[in-house]
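Below is the structure I would like to discuss, written out as structure tokens.
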Number of protein chains: 2
Amino acid sequence: MWGEQGRLAAMSPRIEESPRPVYQQLADSLRAKITAGELAPGEQVPTEKALAEEFGASRATIRQGLMVLVNEGLIVASRPRGYFVRRHERCYFRPQAEWEEQPASPEMDRWMTEQTTLGRTPSQRINVEIIQPPDRVADRLALNPGDLVVVRRRVRYLNEEPFNINDTFYPFELVQGSEIVNPADIARGASEVLAELGYEQVRAIDEIEARMPLPDEAARLELGVGMPVAVHRNTGFTRDDKPVRHTVNVLVGSKHVILFERRKPQGATGNE
Amino acid sequence: MWGEQGRLAAMSPRIEESPRPVYQQLADSLRAKITAGELAPGEQVPTEKALAEEFGASRATIRQGLMVLVNEGLIVASRPRGYFVRRHERCYFRPQAEWEEQPASPEMDRWMTEQTTLGRTPSQRINVEIIQPPDRVADRLALNPGDLVVVRRRVRYLNEEPFNINDTFYPFELVQGSEIVNPADIARGASEVLAELGYEQVRAIDEIEARMPLPDEAARLELGVGMPVAVHRNTGFTRDDKPVRHTVNVLVGSKHVILFERRKPQGATGNE
DNA sequence: CACCCCACATTGTCTAGTCAATCAGGACCA
DNA sequence: TGGTCCTGATTGACTAGACAATGTGGGGTG
């Protein structure tokens with residue numbers, strides 16, 4: 001009971017300020033079991049009722065503790081079956097792959113190819129819009145106020161589970177009338193189409209940030225609480241430094257590792 | 001009251017399944033105000049009591065709604081002053097900077113230099129340990145079981161606020177007896193010392209993932225709930241592909257953007 | 001004027017209950 | 001056998017309270 005908790009606090013030898021609240025103790029206890037592997041991924045966590053008895057606390061307090069773990073992404077609640085330890089399996093996301101010397105796949109784009117070879121079943125949904133760009137996009141594409149963009153929006157699935165969001169923006173006047181405005185998969189890649197139009201990309205800037213998803217992102221990715229996303233923004237430039245493409249990838253944090261490889265430039269001294 | 005909620009649900013024209021729970025409505029309402037700028041960063045959110053009256057709900061329900069926003073990183077509670085809209089300002093983190101052709105700073109390492117030039121006051125805490133490496137590190141450094149590593153652990157601060165954790169691991173047998181084992185700042189950079197020892201790095205692999213912080217990371221970075229981190233792992237290789245250094249950066253998500261720049265390799269065809 | 005202390009408003013922790021929603025599995029029936 | 005319905009266990013949403021902890025600001029004191 002609550003009173004008991006209060007009394008214990010008063011009697012304890014005051015190690016380090018105040019005693020940890022019950023709900024934190026619960027979270028710590030379960031977290032330890034999970035990280036130690038005592039509770040394996042997919043396994044069921046004891047029910048609220050069982051924990052309430054074990055910790056001698058009310059259900060609300062137990063729930064508060066379980067919420068901590070849910071928000072940390074360690075467990076998920078599946079009503080009315082109970083709480084389960086979350087499964088994690090990440091796969092690599094390689095922005096550099098777009099310029100690697102391998103033939104493009106005839107049907108799907110390169111991301112898909114990489115996935116299929118791993119024995120998974122990828123799919124995607126494409127839709128195309130012509131819109132006024134969000135500020136961030138307008139900035140990266142160096143557009144003037146009022147300029148329009150074509151955006152190809154994709155949600156990619158792996159084994160029926162939403163995996164990431166991929167929105168690519170092109171200045172409207174560049175791609176007007178081309179295949180890019182068509183909401184179908186482009187076998188040879190949208191960037192190849194862009195190159196055919198005279199805008200070959202030779203340089204790119206990648207920006208990566210970690211944050212919690214916005215509500216609409218959470219909905220599109222079917223994310224529960226406690227699942228951060230990695231946002232990867234990629235801007236492609238032509239030889240004369242004109243930005244012609246801006247891609248926003250929203251990656252489910254627990255499912256991706258972003259990978260880069262770098263070489264020391266010839267003649268560089270290095271200073272770290 | 002609760003009964004009222006139930007009745008409303010029964011009477012409503014059943015748009016799209018069930019009505020949104022009160023605490024979600026609260027979260028949605030405040031989130032909209034925040035993203036619209038109606039509630040500016042740093043500004044105070046109405047108190048629990050005020051919101052309870054406004055929404056005709058109990059304090060527990062209001063708290064549940066506020067917790068959603070706390071976990072999304074949109075607001076922070078500062079007892080007993082109230083809830084405030086969180087401030088966000090990011091700065092760039094550029095792994096590639098280590099190999100750029102600029103002179104190393106004489107006193108601080110390059111990260112610090114970049115910060116000071118922006119008119120902030122950086123500081124760091126270094127400590128050095130010799131330990132058995134965690135599995136992930138042992139794997140990346142291709143160590144044998146039982147091999148030891150030297151780890152230089154740093155917490156970096158900006159304006160007294162913890163900013164990121166930077167742990168760099170070196171195979172013990174490579175750096176034994178060198179400056180690297182010394183828990184002081186190395187003016188010319190630890191990698192330069194490594195180069196002097198005959199292990200110049202010419203290639204690096206970067207891995208980036210987004211997740212919620214572990215409890216000890218949260219403690220070291222003084223993170224509240226709802227703040228994801230970006231984990232940046234960097235492995236450095238010598239000319240003969242021997243891994244000689246592994247760095248783990250834990251970056252507070254809301255404070256960093258990781259930046260890369262790439263060029264299309266000469267002769268590459270491009271296939272996306 | 002400066003300083004200290006206390007009251008107050010606010011969030012943090014917790015209890016003990018109610019009713020709703022949902023899924024699994026068993027009982028029942030054709 | 002196979003489908004249908006119902007029951008029970010479990011989480012989701014919510015109420016109405018209680019006492020604890022803690023900055024802030026105002027009032028009193030030296």
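Below, read A as the first sequence line, B as the second, and so on, with proteins coming before strands; counting in each chain starts at 1.
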Look at all strands and tell whether A:A60 reaches a base, only sugar-phosphate, or nothing, counting heavy atoms closer than 4.0 Å.
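The residue A:A60 makes base contact.
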D:dA13, D:dG23, C:dT15: which one has an atom nearest the side-chain heavy atoms of B:P80?
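Shortest atom-to-atom distance from the side chain points to D:dG23.
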So does A:V85 get a backbone contact from the side chain of A:E43, meaning a donor-acceptor N/O pair under 3.5 Å?
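Absent.
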Scan side-chain atoms only and decide if A:R125 and A:Y157 contain a donor-acceptor pair under the 3.5 Å cut-off.
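Judged by distance alone, the side chains do pair up.
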Determine the contact category for B:S58: base if any of its heavy atoms lies under 4.0 Å from a base atom, sugar-phosphate if only primed atoms, P, OP1 or OP2 are that close, otherwise nothing.
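Counting heavy atoms under 4.0 Å across all strands, the contact made by B:S58 includes a base.
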Check B:E207 with A:R90, please: is the shortest side-chain N to carboxylate O separation under 4.0 Å?
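A salt bridge is absent here (no side-chain N lies under 4.0 Å from a carboxylate O).
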Quick one: is C:dT11 close enough that its OP1 or OP2 comes under 4.0 Å of any side-chain N or O from B:S78?
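Looking at the OP1 and OP2 atoms of C:dT11, neither is under 4.0 Å from any side-chain N or O of B:S78.
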Looking only at side-chain atoms of A:Y23, point me to the closest of C:dC14, D:dT15, D:dG12.
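Of all the options, the side chain of A:Y23 is nearest to C:dC14.
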What is the distance from OH of A:Y83 to C1' of D:dA9, rounded to the nearest Å?
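Roughly 14 Å, once rounded to whole Å.
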Nearest 0.5 angstrom please: A:Q24 CD to A:Q64 CD, how far?
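Between A:Q24 CD and A:Q64 CD, I get 8.5 Å after rounding to 0.5 Å.
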How many whole angstroms separate atom CZ of B:F84 from atom P of C:dT10?
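So the CZ-P distance, B:F84 to C:dT10, works out to 11 Å.
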Whole-Å gap separating C1' (D:dG12) and CD (A:E48)
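Roughly 9 Å, once rounded to whole Å.
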Out of C:dT10, C:dG12, D:dG12, which has the shortest distance to the side chain of B:T47?
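In terms of side-chain proximity for B:T47, the closest of C:dT10, C:dG12, D:dG12 is C:dT10.
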Rounded distance (Å) that lies between atom C1' of D:dT10 and atom CG of A:L51:
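Going from CG in A:L51 over to C1' in D:dT10 covers 13 Å.
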Distance in angstrom units between A:R20 CZ and C:dC14 C1', rounded:
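One finds 17 Å between C1' of C:dC14 and CZ of A:R20, rounded.
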Strictly by modelled atom types, are A:N234 and A:H246 linked by a side-chain donor-acceptor pair under 3.5 Å?
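No.
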Grab the CD1-P distance between B:I62 and D:dA16 for me, whole Å please.
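Checked: the CD1 to P distance equals 12 Å.
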If I take atom CE in residue B:M67 and atom P in nucleotide D:dC14, what distance separates them, rounded to the nearest angstrom?
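Rounding to the nearest Å, CE of B:M67 and P of D:dC14 are 15 Å apart.
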B:R79 side-chain proximity, nearest of D:dT11, C:dT15, C:dT10:
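Shortest atom-to-atom distance from the side chain points to C:dT10.
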Between D:dT15 (C1') and B:F55 (CZ): distance, integer Å:
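So the CZ-C1' distance, B:F55 to D:dT15, works out to 17 Å.
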Among the candidates C:dT13, C:dG12, D:dA13, find the nucleotide nearest to the side-chain atoms of A:R59.
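Nearest to the side-chain atoms of A:R59, counting from C-beta on, is D:dA13.
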A:R81 has a side chain; which of C:dG12, C:dA24, D:dT11 sits nearest to it?
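When the side chain of A:R81 is considered, C:dA24 is the closest of C:dG12, C:dA24, D:dT11.
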